[in-house]
Colleague: 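My structure is below; once you've seen it, I'll send some questions.
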Amino acid sequence: MEPLSLHFLHEQAGAHFLEVNGREAVADYGEMEEEYRAARQAVALHDATYREALRITGEDRVSFLHGMVTQEVKGLAAGAATYAAMITVKGSMVADARILRREAELLLDLEPGMGTKVREFLEKFLISEDAELHDATGGLGVLRLLGPRTAELLGAVSGSPSAPLSPDATRAATLAGQQVLLVGSTRLEPHGVDLLVPRAGLEAVWKALVTAGAAFGLKPLGWRALETLRVEAGVPRYGQDMVDTTIPLEANLTSAISYNKGCYIGQEVIARATFRGHMNRKLAGLLLGATEAAPGTELKKEGKKVGWVTTVVRSPLKGQTVALGYVHRDHLEPGTVLAVGDGPAEATVSALPFT
């Protein structure tokens, strides 16, 4: 397991740890409910340096990646970011990524454990293009701020007012003497901002945020509370809710798809599915009450399998156990009651995000 760069700081704060795809993450700091509450009502700081990254350089880097992902890359301005999927010629997922266009390179921000897989996928199609792939995980780390007081905290640490960032918008900032890039990351929480920090500067930036954050009710946030926020927001995670048989449209990834760009790997499958107007199954919310179901548990209607559960959390927002899962299109109507496994426990289909 690859340890976190800031393991010793988290250990001092009473953290418990877990493994995510071969990389260490903080599970919690012993107060998961307080961590969650800070993200909803104040500000929370999450160490996401378990994420992996690739750099693409070379004259043809933009046109090459443009043909490999579902989202527009050529039209991205320098400094802009976007969310995209990589899929096979059959339309199934390889990975998802946040793509950041810089002046001389493209940066792919990936889920933990996905760097090698994505690099191999891209290199398979890299033939005569002037483009090179480089591992960037060792040079850059992601710290994530969530909560309504995020902008206030960033203003306090930077020494000047910090306006909220819209989704995928970016802004350079100097924090604790370090040059960092702020990226609007609002998929899990409306005020979210990711900080892309040089690995050598992580300790200084973390400590500055924690120190200044005391005035704003900051709490460090672990993986378990982050997963709760993610599920409540209805956001699928590759490796958990999306696998190598998932088609992006099944996982509601319409925001990751451009319908105006040129050809890309797997485009024909996406175009056919869009023209047809429906998928046979889609990701949905599930209300489970007091039921605890494991990922992979089947969902049934009148004894017939019509779906399965992917992620299960206890939701403070709903006051019950909730889940993400795939449900056949004939049973997607909110309020539909399905059997969990062989029963008698039941799940009620819910629209996403949970409200």
Side-chain angles (χ1 to χ4, degrees), residues 1-32 34-36 38-39 43-55 95-98 100 107-119 134-147 150 153-154 157 175-183 185 188-189 192-214 218-230 237-240 311 313:
M1 179 171 67
E2 184 69 25
L4 290 166
S5 299
L6 301 180
H7 177 97
F8 69 101
L9 285 181
H10 302 310
E11 200 168 41
Q12 291 171 2
H16 305 107
F17 299 91
L18 52 70
E19 179 184 341
V20 183
N21 251 0
R23 301 191 73 91
E24 182 181 65
V26 173
D28 60 66
Y29 296 87
E31 302 174 329
M32 182 178 157
E34 290 190 21
E35 296 167 31
Y36 173 91
V43 60
L45 173 61
H46 178 71
D47 183 352
T49 56
Y50 50 76
R51 294 184 65 82
E52 299 186 8
L54 290 175
R55 292 168 49 239
D96 61 348
R98 176 170 53 192
L100 175 66
L107 181 72
L108 275 63
D109 173 35
L110 305 164
E111 290 288 339
M114 295 305 299
T116 299
K117 180 182 181 182
V118 169
R119 184 169 186 165
H134 315 266
D135 179 20
T137 307
L140 195 68
V142 178
L143 300 179
R144 178 165 292 169
L145 288 170
L146 301 157
T150 292
L153 172 58
L154 287 171
V157 176
L175 304 179
Q178 305 296 316
Q179 297 298 312
V180 307
L181 186 70
L182 309 179
V183 184
S185 181
L188 304 194
E189 195 279 327
V193 175
D194 281 358
L195 288 65
L196 276 59
V197 185
R199 289 256 171 195
L202 282 171
E203 182 179 351
V205 173
W206 179 274
K207 286 182 174 179
L209 290 168
V210 169
T211 299
L218 180 141
K219 294 285 184 183
L221 181 100
W223 174 269
R224 292 185 176 128
L226 187 75
E227 282 287 274
T228 299
L229 292 163
R230 179 182 70 79
R237 178 170 61 83
Y238 190 87
Q240 184 70 35
T311 306
V313 300

Colleague: Considering the options V183, L110, L108, which one meets the side chain to side chain contact (heavy atoms under 4.5 Å, CB included) requirement together with R98?
Modeller: V183
Colleague: Once rounded to the nearest 0.5 Å, what's the spacing between atom OG1 of T49 and atom CD of E2?
Modeller: 10.0 Å
Colleague: Provide the closest heavy-atom pair for L54 versus D135 in the form atom of the first, atom of the second, distance.
Modeller: CD2-CA, 4.0 Å
Colleague: V313 vs R230, test: side-chain contact (heavy atoms from CB on, under 4.5 Å). Steps then yes/no.
Modeller: CA-CA 10 Å; V313 300; R230 179 182 70 79; over 6 Å; no
Colleague: Is there a donor-acceptor pair closer than 3.5 Å between any side-chain N or O of T211 and the backbone N or O of A208?
Modeller: no
Colleague: Tell me the closest heavy-atom pair linking R23 and P112, and the distance in Å.
Modeller: CD-CB, 4.0 Å
Colleague: Apply the ring pair (Phe, Tyr, Trp, His ring centres under 6.0 Å) test between H10 and each candidate in W206, W223, Y50; give the one that qualifies.
Modeller: W206
Colleague: Any side-chain to backbone donor/acceptor pair from T137 onto A53? Under 3.5 Å, distance only.
Modeller: yes
Colleague: For the pair L9 and K207, evaluate side-chain contact (heavy atoms from CB on, under 4.5 Å) and give the outcome as yes or no after the intermediate values.
Modeller: CA-CA 9 Å; L9 285 181; K207 286 182 174 179; 3.7 Å; yes
Colleague: Just verifying a value: how many Å separate E19 CD and E24 CD, rounded to the nearest 0.5 Å?
Modeller: 9.5 Å
Colleague: Write down the atom of A25, the atom of V20, and the distance for their closest heavy-atom approach.
Modeller: CB-CG2, 4.1 Å
Colleague: Say you draw a straight line from CG of L153 to CG of L45; how long is it, rounded to the nearest 0.5 Å?
Modeller: 8.0 Å
Colleague: Taking all non-hydrogen atoms of both residues, which atom of A44 and which atom of E35 are closest, and how far apart?
Modeller: CB-O, 4.2 Å
Colleague: My understanding is that only one of L100, L140, V197, D194 makes a side chain to side chain contact (heavy atoms under 4.5 Å, CB included) with L181; could you say which?
Modeller: L100
Colleague: Kindly indicate whether the side chain of F17, heavy atoms from C-beta on, has any atom under 4.5 Å from the side chain of M1.
Modeller: no
Colleague: Pair E111, R51 - check side-chain contact (heavy atoms from CB on, under 4.5 Å), show working.
Modeller: CA-CA 5 Å; E111 290 288 339; R51 294 184 65 82; 3.4 Å; yes
Colleague: Looking at every non-hydrogen atom in both residues, tell me the closest pair between A15 and V26 and how far apart they are.
Modeller: CB-CG1, 3.8 Å
Colleague: Calculate, to the nearest 0.5 Å, the distance between atoms CD and CG belonging to E189 and L229 respectively.
Modeller: 7.5 Å
Colleague: To the nearest 0.5 Å, what is the distance between OG1 (T116) and CE (M114)?
Modeller: 9.5 Å
Colleague: Is it true that R224 and E227 make a salt bridge, defined as a side-chain N closer than 4.0 Å to a carboxylate O?
Modeller: no
Colleague: For residues L218 and L209, report the shortest heavy-atom separation together with the two atoms involved.
Modeller: CD1-O, 3.9 Å
Colleague: Using side chain to side chain contact (heavy atoms under 4.5 Å, CB included) as the criterion, point out the one residue from V142, L143, L195, L4 that pairs with L202.
Modeller: L143
Colleague: Give, for atom CG of L146 and atom OG of S185, the distance between the pair rounded to the nearest 0.5 Å.
Modeller: 7.0 Å
